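Structure, as C-alpha cells:
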Amino acid sequence: MFTKAVCKGCGRTIQSDFLYCPWCGYSRVSNAEESLDVLFNRFKENRKDKRRKQLDALEKELDDLKQELDVLVLSAEMHK
C-alpha cells in the first residue's frame, strides 16, 4: 500500500514515493543531483530486496532437497 502526498504544484493527491507529479510535472526534490541520488538509492534498495528474496527462496529449496535426500538415504539403508 502506498502512502499519499499532496503535490505543491497542482494540489492533487499523489503517491509519496513519486519524485515528480504525474499530472503537472512539479519536482518534489530540490535539485537534479538530489533526484538522481534518490533514484539510485531506491534502485540499490530494490536490488538488495530482490537478492534477499532470491536467497531466501534458494535456501528453502536447498532445505527441501536436503530433507528429501535424508528420506532417500534412510529408505536405502532400510532396504539393505
Side-chain angles (χ1 to χ4, degrees):
M1 179 172 286
F2 296 104
T3 57
K4 301 290 182 180
V6 176
C7 173
K8 292 180 182 178
C10 66
R12 294 179 100 172
T13 302
I14 61 174
Q15 292 179 6
S16 64
D17 62 339
F18 283 1
L19 298 177
Y20 297 92
C21 175
W23 289 280
C24 72
Y26 182 83
S27 175
R28 298 191 63 222
V29 292
S30 60
N31 60 38
E33 186 175 317
E34 182 181 339
S35 175
L36 289 176
D37 287 341
V38 169
L39 286 172
F40 183 69
N41 288 336
R42 189 180 303 160
F43 173 76
K44 282 178 24 179
E45 287 302 314
N46 287 342
R47 297 253 327 173
K48 285 181 186 177
D49 289 343
K50 185 176 180 179
R51 286 182 185 149
R52 256 185 246 117
K53 288 177 184 176
Q54 288 173 331
L55 286 173
D56 289 344
L58 286 172
E59 185 176 352
K60 183 185 180 324
E61 189 175 341
L62 282 173
D63 288 343
D64 292 345
L65 288 171
K66 183 186 179 303
Q67 189 174 19
E68 287 180 35
L69 183 59
D70 289 344
V71 169
L72 287 173
V73 168
L74 182 60
S75 176
E77 288 177 358
M78 293 176 87
H79 284 81
K80 283 186 180 179

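Note that the coordinates shown come from a computational prediction; the quantities given were computed from them, not determined experimentally. Throughout, numbering of the chain's residues begins at 1 and tracks the sequence.
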Can you see which heavy atom on [X] is nearest to which on [Y], and at what distance?
X	Y	result
Gly25	Tyr20	O-CD2, 3.7 Å
Arg42	Asp17	NH2-O, 2.8 Å
Cys24	Cys21	N-SG, 3.5 Å

From [X] atom [atom1] to [Y] atom [atom2], the distance as rounded to the nearest 0.5 Å:
X	Y	atom1	atom2	answer
Glu61	Asp56	CD	CG	13.0 Å
Ile14	Lys8	CD1	NZ	10.5 Å
Leu65	Asp70	CG	CG	11.0 Å

If you count heavy atoms of other groups shown closer than 6.0 angstrom to [atom1] of [X], is the number above 12?
X	atom1	value
Arg47	CZ	no
Gln67	CD	no
Gln15	CD	yes

Kindly work out whether a path of hydrophobic side-chain contacts (I/L/V/M/F/W/Y, heavy atoms less than 4.5 Å apart) joins Phe18 to Trp23.
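Yes, because Phe18 and Trp23 connect within a single hydrophobic cluster, where side-chain heavy atoms sit under 4.5 Å apart.
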
Do Leu55 and Glu59 come close enough that some side-chain heavy atom pair is under 4.5 Å?
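No; the side chains remain at least 4.5 Å from each other.
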
Sub-3.5 Å donor-acceptor pair from the side chain of Arg28 to the main-chain atoms of Ala5, do we have one?
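Not at all, since once roles are kept as given, no pair shorter than 3.5 Å links the two residues.
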
May I ask you to decide whether [X] forms a salt bridge with [Y], counting only side-chain N to carboxylate O separations under 4.0 Å?
X	Y	value
Asp63	Lys66	no
Lys60	Asp64	yes
Lys48	Glu45	yes

